[in-house]
K.L.:
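Here you go, one structure.
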Amino acid sequence: MVSGLVAAGALATAGTAAADETPQSLGGATATIGDLKTYGSAVIHDHGEDSWVSAGLFEMSVDDGGMLQTYCVDLHNPTQRDAKYQETPWSGTSLGANKDAGKIRWILQNSYPQVNDLAALAAKAGVASLTEKDAAAGTQVAIWRYSDGADVDAADPGAQKLADYLQKSARNLPEPKASLSLTPPAVSGHAGERLGPVTVHTNADSVAVAPPADAAGVKIVDKDGKPVTSAVDGGHVYFDVPKDSADGSAALTVQASTTVPVGRAFTSETRSQTQILAGSSESTVSATATANWAEKGAIPALSAKKNCAEGGVDITAANEGDEPFTFELMGSEHTIGAGASGTVTIPLQEDQAYDFTITGPNGFQKRFKGVLDCKTQGSANDITTQTVSEPSPASVGGTSAGDSDLAETGSSNATPVIAGIAIALVVIGGAAVVLVRRKKSPTQD
């Protein structure tokens, strides 16, 4: 145990290949969240109390190039500014168990910013006009009603009508496919063999294939053994390991430039609001797969992914060796026979950080870490005035506390409630910070 939130497992097996630590990403876009860029105000109703929040579009900067626009699907969690986010399957988020997740995707595809003709959008909503802020706020409110089951309304009448229209019109659509992924993410076998296949899944026209940089003589080839430098969706690649290679490991990386599909989820390794993609520029996406090889004994290939349906993390072990692969994890022993594979689900508590390091002889090591964030939980009573502790707090949309947008959020008829109270409220956006909580009154919209 490390910091009371880490589970470690020690693997005991003979002849296991040495393996370097490799990224745990399932592939796709990796981005850093910035400010809430286009937003309005919304109010959450709960047990006679109204909690005011900012509602709208975040902007993310993609590693190695590109920009994303996202909405929040995790109302009661804070957003950490500059947190790293990774494209994630719905099964690794609260969306996986949400029967209305497909309706959220419909809303995204039929509202702002995918529909940027605001006059046409206003006509569908039955209002005279919509600003970008109204459109973003109304869209976010409609999403929260399905993602969190929240009783929430937009402050602006036009935004409210848009939210109502979107909620009533939404129908379930299937989960969008990943922008780029590799399956399986880990393979194993004997030196002198082609290890794989590893299958490419992407919406890009093609992906660039980078050979291993740290494994002399190892090549990436096709099924006929010919070296490959690019691949397409559905393509198969293999690790070609020379027969005289010492026991070891290697990693290949594929990269492409594409637009990330609307409706893809994004999660962070920190406790930061889960996001869902509303728009993407041409962005750089990547994925990594690893290979382990040995002359004899057990030869494991390990991978992990969040399993929100089971409330834990799935550790998958495949063994292409000639001896059983036995390991201990969370106090239980597991054995994968020669030529077999198996999955162990490690149960975790909601919002629990995990850091599994699985080790074995000859320097074998594999590490998986993250935060289990599978549920939208709590109520308006759980939302408190919060600020971001790391890095330094930032205001809504990058403005100061005295700028009009921040002052406007949660004010209006709530002025008598906060009069005389000098509090500098700093927010990153979405539902990260509630600016004002007040009792309902006939004078407040």
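What you see below is based on every heavy atom in this structure, not just the backbone, and it leaves out hydrogens, waters and symmetry mates.
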K.L.:
Taking salt bridge (Lys or Arg N to Asp or Glu O under 4.0 Å) as the definition, give me every residue that meets it alongside Arg105, ordered by chain and number, with sequence neighbours left out.
P.N.:
none
K.L.:
Walk me through it: do Val198 and Thr183 pass the test side chain to side chain contact (heavy atoms under 4.5 Å, CB included)?
P.N.:
CA-CA 6 Å; Val198 174; Thr183 58; over 6 Å; no
K.L.:
Is it true that a side-chain atom of Ser111 and a backbone atom of Ile107 form a donor plus acceptor pair closer than 3.5 Å?
P.N.:
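Looks like no, no N/O pair under 3.5 Å.
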K.L.:
Could you go step by step and tell me if Phe266 and Val260 meet the side chain to side chain contact (heavy atoms under 4.5 Å, CB included) rule?
P.N.:
CA-CA 11 Å; Phe266 279 78; Val260 183; 4.3 Å; yes
K.L.:
Among Thr30, Leu68, Thr259, Thr258, find the residue that satisfies the side-chain contact (heavy atoms from CB on, under 4.5 Å) test when tested with Ser283.
P.N.:
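It is Leu68; the other options fail the test.
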K.L.:
Quick check for you: to the nearest 0.5 Å, what is the distance between Gln275 atom CD and Thr79 atom OG1?
P.N.:
5.5 Å
K.L.:
Counting neighbours of NZ on Lys103 that are heavy atoms of other residues, nucleotides or ligands and sit closer than 6.0 Å, is the number greater than 12?
P.N.:
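Enclosed.
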K.L.:
Residues two or more places apart in sequence or in another chain: which of them pass ring pair (Phe, Tyr, Trp, His ring centres under 6.0 Å) with His334?
P.N.:
Phe327
K.L.:
So Arg194 and Phe239, side chain to side chain contact (heavy atoms under 4.5 Å, CB included) or not? Walk me through it.
P.N.:
CA-CA 5 Å; Arg194 288 197 290 271; Phe239 291 83; over 6 Å; no
K.L.:
Would you indicate whether the side-chain heavy atoms of Val218 and Asp240 approach each other to under 4.5 Å?
P.N.:
no
K.L.:
For the pair Arg145 (side chain) and Val152 (backbone), establish whether a donor and an acceptor sit closer than 3.5 Å, ignoring hydrogens and angles.
P.N.:
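Yes.
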K.L.:
Mind checking whether Leu182 and Leu252 have side chains closer than 4.5 Å, heavy atoms only?
P.N.:
yes
K.L.:
When you measure from the side chain of Ser245 to the backbone N and O of Pro242, does any donor-acceptor pair fall under 3.5 Å?
P.N.:
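Indeed, once roles are kept as given, a pair shorter than 3.5 Å links the two residues.
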K.L.:
Does any donor atom in the side chain of Thr199 or His236 lie under 3.5 Å from an acceptor atom in the other side chain?
P.N.:
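The criterion, which ignores hydrogens and geometry beyond distance, is satisfied for His236 and Thr199.
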K.L.:
What heavy-atom pair brings Tyr71 and Gly56 nearest, and what distance separates the two atoms?
P.N.:
CD2-O, 3.4 Å
K.L.:
Identify every side-chain donor-acceptor pair in residues 300-319 under 3.5 Å, counting partners at least two apart or on other chains, and give the distances.
P.N.:
{"from": "Lys306", "atom 1": "NZ", "to": "Val371", "atom 2": "O", "distance (Å)": "2.7"}
{"from": "Asn307", "atom 1": "OD1", "to": "Ala309", "atom 2": "N", "distance (Å)": "3.2"}
{"from": "Asn307", "atom 1": "OD1", "to": "Glu310", "atom 2": "N", "distance (Å)": "3.2"}
{"from": "Asn307", "atom 1": "ND2", "to": "Asp314", "atom 2": "OD1", "distance (Å)": "3.4"}
{"from": "Asn307", "atom 1": "ND2", "to": "Asp314", "atom 2": "OD2", "distance (Å)": "3.0"}
{"from": "Asp314", "atom 1": "OD1", "to": "Thr345", "atom 2": "OG1", "distance (Å)": "2.6"}
{"from": "Thr316", "atom 1": "OG1", "to": "Thr343", "atom 2": "OG1", "distance (Å)": "3.0"}
{"from": "Asn319", "atom 1": "OD1", "to": "Ile299", "atom 2": "N", "distance (Å)": "3.0"}
{"from": "Asn319", "atom 1": "OD1", "to": "Gly321", "atom 2": "N", "distance (Å)": "2.9"}
{"from": "Asn319", "atom 1": "ND2", "to": "Glu323", "atom 2": "O", "distance (Å)": "2.8"}
{"from": "Asn319", "atom 1": "ND2", "to": "Ile336", "atom 2": "O", "distance (Å)": "3.2"}
{"from": "Asn319", "atom 1": "ND2", "to": "Gly337", "atom 2": "O", "distance (Å)": "3.3"}

K.L.:
In the structure I gave you, are the side-chain heavy atoms of Leu57 and Tyr112 within less than 4.5 Å of one another anywhere?
P.N.:
yes
K.L.:
How long is the gap from OG1 on Thr70 to CG on Leu108, to the nearest 0.5 Å?
P.N.:
10.0 Å
K.L.:
Would the number of heavy atoms belonging to other residues, nucleotides or ligands and lying under 6.0 Å from CG of Asn172 be above 12?
P.N.:
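Yes, because the 6.0 Å sphere around CG of Asn172 holds more than 12 heavy atoms from other groups.
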K.L.:
Does any part of the side chain of Asp247, heavy atoms only, come nearer than 4.5 Å to the side chain of Glu295, both counted from C-beta?
P.N.:
yes
K.L.:
Would you confirm whether Trp293, through its side chain, and Ala246, through its main-chain N or O, come within 3.5 Å as a donor-acceptor pair?
P.N.:
yes
K.L.:
Quick one: does Leu166's side chain get under 4.5 Å of Lys168's, heavy atoms only?
P.N.:
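When only atoms from C-beta onward are counted, Lys168 and Leu166 do not touch, as no gap falls below 4.5 Å.
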K.L.:
Compute whether any side-chain donor of one residue and acceptor of the other, for Thr93 and Thr267, lie under 3.5 angstrom apart.
P.N.:
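Checked: Thr93/Thr267 side chains show no N/O donor-acceptor pair below 3.5 Å.
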K.L.:
Report the distance from atom SG of Cys72 to atom CG of Leu36, rounding to the nearest 0.5 Å.
P.N.:
10.0 Å
K.L.:
When you measure from the side chain of Asp233 to the backbone N and O of Thr202, does any donor-acceptor pair fall under 3.5 Å?
P.N.:
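It does hold such a pair.
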K.L.:
Is there a donor-acceptor contact under 3.5 Å from the side chain of Asp151 to the main chain of Asp46?
P.N.:
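Pair absent, no side-chain N/O of Asp151 close to backbone of Asp46.
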K.L.:
So, Asp224 side chain and Lys226 main chain: donor-acceptor pair closer than 3.5 Å or not?
P.N.:
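Checked: no pair found.
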K.L.:
Does a side-chain heavy-atom distance below 4.5 Å link Thr274 with Asn77?
P.N.:
no
K.L.:
My understanding is that only residues two or more places apart in sequence, or in another chain, count here; which of them pass side chain to side chain donor-acceptor pair (under 3.5 Å) with Glu282?
P.N.:
Ser257
K.L.:
Give a yes or no on whether a salt bridge exists between Arg271 and Asp373, defined as a side-chain N under 4.0 angstrom from a carboxylate O.
P.N.:
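No, no charged N to carboxylate O under 4.0 Å.
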K.L.:
Any idea which heavy atoms bring Ser268 and Ala83 closest together, and the distance?
P.N.:
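So the two residues come closest at OG-CB, 3.9 Å.
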K.L.:
If I compare all heavy atoms of Ala135 with all of Leu118, which pair ends up nearest, and what's the gap?
P.N.:
CB-CD2, 3.9 Å
K.L.:
Any donor-acceptor pair under 3.5 Å linking the side chain of Glu320 with the backbone of Gly189?
P.N.:
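Judged by distance alone, no pair lies under 3.5 Å.
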K.L.:
Considering all heavy atoms of both residues, which atom of Tyr354 and which atom of Phe368 are nearest to each other, and what is their separation?
P.N.:
CD1-O, 3.8 Å
K.L.:
Going by heavy atoms in the side chains, are Ser286 and Val254 under 4.5 Å from each other?
P.N.:
no
K.L.:
So, for Asn98 and Tyr146, which heavy atoms are closest and what is the spacing to 0.1 Å?
P.N.:
ND2-O, 2.9 Å
K.L.:
Is a donor on one side and an acceptor on the other found under 3.5 Å between the side chain of Trp90 and the backbone of Gly263?
P.N.:
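Yes; judged by distance alone, with no hydrogens or angles, the pair exists.
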K.L.:
Side-chain donor-acceptor contacts of residues 58-66 below 3.5 Å, not counting sequence neighbours, with atom names and distances?
P.N.:
{"from": "Asp63", "atom 1": "OD1", "to": "Lys84", "atom 2": "NZ", "distance (Å)": "2.7"}
{"from": "Asp63", "atom 1": "OD2", "to": "Lys84", "atom 2": "NZ", "distance (Å)": "2.8"}

K.L.:
Between Gln255 (side chain only) and Val209 (backbone N and O only), is there a donor and an acceptor less than 3.5 Å apart?
P.N.:
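No: the side chain of Gln255 does not pair with the backbone of Val209.
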K.L.:
With sequence neighbours excluded, tell me which residues meet salt bridge (Lys or Arg N to Asp or Glu O under 4.0 Å) with Glu175.
P.N.:
Arg264
K.L.:
What pair of heavy atoms forms the shortest contact from Ala289 to Pro184, and how long is it?
P.N.:
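Answer, listing the atom of Ala289 first, then Pro184: CB-O, 4.2 Å.
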K.L.:
Apply side chain to side chain contact (heavy atoms under 4.5 Å, CB included) to Leu95 and Ile104, showing your working.
P.N.:
CA-CA 9 Å; Leu95 297 172; Ile104 297 173; 3.9 Å; yes
K.L.:
I'd like to know whether Lys296 forms a salt bridge (charged side-chain N to carboxylate O under 4.0 Å, His left out) with Asp322, so could you lay out the CA-CA distance, the side-chain angles of the two residues, the decisive distance to 0.1 Å, and finally the verdict.
P.N.:
CA-CA 6 Å; Lys296 60 181 180 179; Asp322 48 30; over 6 Å; no
K.L.:
If you round to the nearest 0.5 Å, how far is CD of Gln114 from CD of Gln69?
P.N.:
8.5 Å
K.L.:
Would you mind reporting whether Pro261 and Lys177 have side-chain heavy atoms less than 4.5 Å apart?
P.N.:
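No. Closest side-chain heavy atoms not under 4.5 Å.
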K.L.:
Would you check if there is a donor-acceptor pair between the side chains of Ser272 and Tyr85 at a distance under 3.5 Å?
P.N.:
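Yes, because at least one side-chain N or O of Tyr85 sits under 3.5 Å from a partner of the opposite role on Ser272.
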